[in-house]
Undergrad: 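I'd like to ask some things about the structure below.
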Number of protein chains: 2
Amino acid sequence: MNQSQEKLERSVLRVGDLGTSVIDKKVWARGRLHTSRAKGKQCFFLLRQQQSTVQCLLAVSESTSKAFVKFVAGITKESVIDVEGIVRSVPQKIEGATQQDVELHVTQVWVISAAEPRLPLQIEDASRPEEEKEGELAIRVNQETRLDNRVLDLRTPTNQAIFRIQAAVCRLFREALDQRKFVEIHTPKIISAASEGGANVFTVSYFKGSAYLAQSPQLYKQMAIAADFEKVYTIGAVFRAEDSNTHRHLTEFVGLDLEMAFHSHYHEVLDTIGVVLTEVFRGLQKDCMQEIATVNRQFPSEPFTFLDPPLRLEFPEAVEMLRQAGEQIGDEDDLSTPMEKLLGRLVKAKYDTDFYILDKYPLAVRPFYTMPDPNNKKYSNSYDIFMRGEEIMSGAQRIHDPEYLSERAKHHGIDLSKIKAYIDSFRYGCPPHAGGGIGMERVAMLFLGLDNIRKTSMFPRDPKRITP
Amino acid sequence: MNQSQEKLERSVLRVGDLGTSVIDKKVWARGRLHTSRAKGKQCFFLLRQQQSTVQCLLAVSESTSKAFVKFVAGITKESVIDVEGIVRSVPQKIEGATQQDVELHVTQVWVISAAEPRLPLQIEDASRPEEEKEGELAIRVNQETRLDNRVLDLRTPTNQAIFRIQAAVCRLFREALDQRKFVEIHTPKIISAASEGGANVFTVSYFKGSAYLAQSPQLYKQMAIAADFEKVYTIGAVFRAEDSNTHRHLTEFVGLDLEMAFHSHYHEVLDTIGVVLTEVFRGLQKDCMQEIATVNRQFPSEPFTFLDPPLRLEFPEAVEMLRQAGEQIGDEDDLSTPMEKLLGRLVKAKYDTDFYILDKYPLAVRPFYTMPDPNNKKYSNSYDIFMRGEEIMSGAQRIHDPEYLSERAKHHGIDLSKIKAYIDSFRYGCPPHAGGGIGMERVAMLFLGLDNIRKTSMFPRDPKRITP
């Protein structure tokens with residue numbers, strides 16, 4: 001067991017760097033024993049490091065005993081091993097490895113950390129493309145088994161790629177906002193009052209009293225605006241105690257939240273959100289080309305399309321498109337999930353984009369703090385944003401006047417005493433502002449065309465799962 | 001009230017940009033009415049936007065009625081206003097404003113959002129330097145009043161600066177790690193079992209059962225290592241149900257956490273952590289010079305010093321220094337908080353650094369998962385990191401072997417059934433690894449030499465405060 005006994009000056013190469021440039025060199029590499037087979041006096045094995053594999057050959061010789069070959073052949077799959085060997089070119093490409101031009105003629109093998117002999121899932125099974133092909137093994141690993149054994153499941157090339165893409169979503173989002181002088185803030189998750197009337201909120205024991213988990217950083221973002229930060233964003237955990245067991249709901253997810261003061265019109269904010277998301281998509285296609293291809297090999301999907309500047313529709317236009325497609329929907333009805341999906345297909349057919357903004361929702365279906373449309377009292381200054389026909393963000397111009405906010409809350413039947421702190425935040429002057437909250441896992445899922453949000457949450461939480 | 005009635009094409013200048021370059025131009029600016037005084041037919045007021053202020057002058061004239069001057073003189077302090085005026089040079093510098101070379105001869109004023117006439121605290125009082133000077137007002141705003149009225153308190157130049165510095169800490173930390181190919185991950189805050197035996201953990205009602213709030217992302221970072229991500233970091237909320245009402249404890253704070261697989265020795269990781277933090281400090285001094293100066297004007301402190309590479313001491317050396325200074329401490333005792341402070345002063349005197357790493361803590365004072373020192377069973381491969389004599393990070397090489405981990409847990413009297421999931425994470429091979437968790441608010445507080453962590457948490461949480 002490595003207890004940091006000594007500092008080795010040994011240079012260790014990455015498996016992905018083993019190629020024709022190091023032919024005939026003796027090198028060290030560390031990785032996992034992916035597969036192995038013994039064949040008489042020889043043992044072939046694949047050494048895997050993240051998304052790369054190299055074929056290794058150990059043969060009985062003057063310096064290698066038969067017992068040693070047998071020992072190596074007995075190393076359990078997924079064990080972490082150090083391998084020393086000479087890089088040799090091969091007469092024909094090795095189909096089964098990512099390093100196809102070379103193999104490693106092994107001189108030493110050390111077991112760094114042994115895996116148990118029985119694995120609850122096989123990495124090869126978990127990596128197999130969804131589509132079944134004739135003559136190929138039909139073994140797949142179901143989602144529950146994957147999630148129960150996430151430490152193994154995450155080792156597949158697809159998962160290695162997905163979580164790098166997820167990291168890029170956050171990085172690109174931040175870069176786009178930093179560039180526009182947004183300030184990153186951190187908002188508390190433990191709050192004293194349930195923000196939107198107390199439904200769907202988790203309760204926490206807090207010393208001798210109790211508290212809640214924030215369903216959104218909205219109040220705090222708005223306070224930062226009232227405190228003159230002008231443009232803020234925050235990335236963090238958001239909690240929803242909704243008993244929804246669907247492909248797109250989690251009880252805990254990562255929110256990409258932003259809020260921005262504007263001068264004359266909330267479209268200043270909406271345009272910014274549109275540009276920021278467009279930059280994220282373009283950045284992903286540029287920086288994560290290889291990762292996207294890796295995911296597509298296992299889970300094929302159409303490439304994600306978007307327009308620049310993004311398409312913005314108004315709610316009545318959407319209603320009209322749905323009616324023309326045969327749907328029955330009232331002017332002030334909210335869209336059902338199937339209608340959203342259908343609208344996504346109609347928009348894609350008409351405008352060739354998987355990404356669009358739907359502006360001007362009916363006032364009746366939005367929360368009390370939403371600013372009504374000044375020109376038509378049926379509508380509001382609010383918007384949802386969609387990717388492949390699924391909602392990834394909801395947002396609005398917020399009411400920044402405490403008296404009008406109280407009036408709207410009363411109209412919604414909300415007990416004013418419970419939202420006093422919220423209303424009081426606007427008593428000392430607050431610029432008009434708008435913002436929204438984006439579900440990070442949804443962006444990753446829909447960008448990649450995946451079918452379940454649990455594929456883009458490293459350790460997903462839903463009403464039935466809080467482990468591992 | 002702005003309901004986004006129209007899109008104004010008006011170009012609005014920032015108060016900070018009003019200077020000699022726009023002399024005699026007619027401009028619009030938006031800001032807060034900072035102070036005002038009427039004087040006969042004139043009204044002088046200061047317009048403030050974030051950290052900048054400009055003097056404005058409104059006088060009765062052909063186009064400006066007496067009633068209008070009176071109206072403007074009556075606008076409440078902290079109201080958000082739009083001002084149109086002509087930029088004029090002034091014969092002598094205006095001491096009371098940041099824009100000292102010009103004043104605005106006002107032609108129009110619009111109230112965008114009025115503040116209530118009685119403010120619970122005055123921005124000027126909240127902005128006044130700590131040190132009392134003869135002949136100056138002695139009014140200060142105490143911390144509870146500040147935190148109760150955070151929306152006002154955060155408007156001071158110092159707070160505007162502090163939270164920009166805080167954002168820079170996170171940005172610089174991420175940049176340093178991204179550059180070294182760390183992958184950003186997101187770990188769940190809702191967990192099924194209390195990570196370290198169940199003390200100091202908040203309980204959450206979770207549908208029909210219950211769950212806990214994560215005291216650290218450590219288990220999940222380690223699972224990401226066991227899942228081959230090699231180098232990971234995460235920035236997010238960390239929860240501690242400790243009933244500590246001190247200047248440096250919060251019940252919810254932002255953790256800058258990282259974990260990294262290494263080849264032969266945990267110093268590979270410790271060196272990385274040292275370099276990363278050094279880059280953060282250097283970046284702050286470069287990018288936030290102005291903000292640091294602003295904070296120092298209100299809360300003076302010595303500039304933060306650090307060595308490159310950072311100083312690394314071993315625990316026995318620290319014990320020796322403390323003994324020479326007259327302290328009584330056993331070889332395997334942990335450091336008390338006063339001893340840490342004293343050690344900070346001794347190190348500063350001897351090495352001229354406010355930042356150092358203390359390596360090789362006694363095994364007896366560290367958690368069960370800490371890897372023992374291979375050469376001396378009294379010590380361990382673990383470390384704390386200090387800024388100005390206060391701990392900002394704790395970390396270690398973790399035991400990556402499930403059998404040895406079980407043995408150490410038993411030795412600590414821990415019920416193995418409660419940490420089964422943790423131990424099982426290492427059953428399928430795991431490279432040796434080390435890491436640590438840094439308290440973001442502590443880094444900001446100690447870098448700036450502030451006296452209370454509530455100054456660097458935007459909405460602090462402690463046993464007695466969960467509002468606003």
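Letters A, B, ... are given to chains in the order of the sequence lines, protein chains preceding strands, and every chain is numbered from 1. On a predicted model such as this, the values are computed, not experimentally measured, just so you know.
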Undergrad: Would you say the side chain of His400(A) lies within less than 4.5 Å of the side chain of Val80(B), judging by non-hydrogen atoms?
TA: no
Undergrad: Heavy-atom cut-off 4.5 Å, strictly under: side chain, backbone, both or neither for Pro372(A) against chain B?
TA: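 Contact with chain B: backbone and side chain both.
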Undergrad: So what's closer than 4.5 Å to chain A heavy atoms on Tyr233(B): side chain, backbone, both or neither?
TA: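 Interface part for Tyr233(B): side chain.
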Undergrad: Quick one: of His186(B), Met458(B), Arg150(B), who has the most non-hydrogen atom pairs under 4.5 Å with chain A?
TA: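 Ranked by heavy-atom pairs under 4.5 Å with chain A, first place is His186(B).
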Undergrad: Taking Gln397(B) for the side chain and Asn2(A) for the main chain, is one N or O donor matched with an acceptor at less than 3.5 Å?
TA: yes
Undergrad: Contact part of Val151(A) toward chain B, heavy-atom cut-off under 4.5 Å: side chain, backbone, both or neither?
TA: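 Contact with chain B: backbone and side chain both.
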Undergrad: Let me confirm one number: the CG-CZ distance from Leu152(B) to Arg427(A), rounded to the nearest 0.5 Å.
TA: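 The distance works out to 12.5 Å.
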Undergrad: Can you sort out the partners of Asp359(B) under side chain to side chain donor-acceptor pair (under 3.5 Å), two or more places apart, ordered by chain and number?
TA: Tyr266(B), His267(B)
Undergrad: Which bit of Asn381(A) is near chain B, if near means a heavy-atom gap under 4.5 Å: side chain, backbone, both or neither?
TA: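 Contact with chain B: side chain only.
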Undergrad: So, for Phe202(B) and Ser205(A), which heavy atoms are closest and what is the spacing to 0.1 Å?
TA: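 Smallest heavy-atom distance, with atoms named: CD2-O, 3.3 Å.
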Undergrad: Decide yes or no for Arg32(B) and Pro431(A): does some side-chain heavy atom of the first lie under 4.5 Å from some side-chain heavy atom of the second?
TA: yes
Undergrad: Which one of Ala168(B), Pro120(B), Ala421(B), Ser79(B) has the most heavy-atom pairs closer than 4.5 Å to chain A?
TA: Pro120(B)
Undergrad: At a 4.5 Å cut-off on heavy atoms, which part of Tyr422(A) comes close to chain B: side chain, backbone, both, or neither?
TA: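 It is neither, since no heavy atom gets under 4.5 Å.
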Undergrad: Check step by step if side chain to side chain contact (heavy atoms under 4.5 Å, CB included) holds for His263(B) and Leu8(A).
TA: CA-CA 8 Å; His263(B) 279 288; Leu8(A) 296 174; over 6 Å; no
Undergrad: Hey, are the side chains of Phe229(A) and Gln160(B) touching, using non-hydrogen atoms and a 4.5 Å cut-off?
TA: yes
Undergrad: Mind checking the CD-CZ spacing from Glu184(A) to Arg164(B)? Nearest 0.5 Å is all I need.
TA: 13.0 Å
Undergrad: Does any heavy atom of chain A fall under 4.5 Å from the side chain of Gln5(B), the backbone, both, or neither of them?
TA: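 Both backbone and side chain of Gln5(B) come within 4.5 Å of chain A.
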Undergrad: Run the numbers on Phe163(A) and Ile185(B) for side chain to side chain contact (heavy atoms under 4.5 Å, CB included), then give the verdict.
TA: CA-CA 7 Å; Phe163(A) 292 97; Ile185(B) 62 171; 5.7 Å; no
Undergrad: Are any non-hydrogen side-chain atoms of Lys189(A) and Val238(B) less than 4.5 angstrom apart?
TA: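 Lys189(A) vs Val238(B): side chains apart.
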Undergrad: I'd like to check the salt bridge (Lys or Arg N to Asp or Glu O under 4.0 Å) partners of Asp287(B); sequence neighbours left out, ordered by chain and number.
TA: Arg171(B)
Undergrad: What do the steps show when you test Glu268(B) against Lys7(A) for side chain to side chain contact (heavy atoms under 4.5 Å, CB included), and what is the final call?
TA: CA-CA 9 Å; Glu268(B) 296 162 35; Lys7(A) 297 187 184 184; over 6 Å; no
Undergrad: Is it the backbone or the side chain of Gln222(A) that comes under 4.5 Å from a heavy atom of chain B, or both, or neither?
TA: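 Neither part.
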Undergrad: Counting C-beta onward and ignoring hydrogens, is there a side-chain heavy-atom pair between Phe239(A) and Val204(B) closer than 4.5 Å?
TA: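 A side-chain contact is absent here, since even the closest heavy-atom pair is not under 4.5 Å.
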Undergrad: What part of Ile81(A) gets within 4.5 angstrom of chain B, counting heavy atoms only: side chain, backbone, both, or neither?
TA: neither
Undergrad: Do Met371(B) and Met1(A) have side-chain heavy atoms sitting under 4.5 Å apart?
TA: yes
Undergrad: Stepwise, does the side chain to side chain contact (heavy atoms under 4.5 Å, CB included) test hold for Met223(A) with Leu154(B)?
TA: CA-CA 9 Å; Met223(A) 287 175 74; Leu154(B) 288 172; over 6 Å; no
Undergrad: Just wondering, more than 12 heavy atoms not from Lys420(B) lying within 6.0 Å of its NZ?
TA: no
Undergrad: Who wins among Val183(A), Asp424(A), Asp178(A) for the most heavy-atom pairs under 4.5 Å with chain B?
TA: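 Sorted descending by pairs with chain B, the first entry is Val183(A).
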Undergrad: Under a 4.5 Å cut-off applied to non-hydrogen side-chain atoms, are Phe426(B) and Ser113(A) in contact?
TA: no
Undergrad: Do any N or O atoms from the side chain of Asp243(A) and from the backbone of Phe207(B) form a donor-acceptor pair under 3.5 angstrom?
TA: no
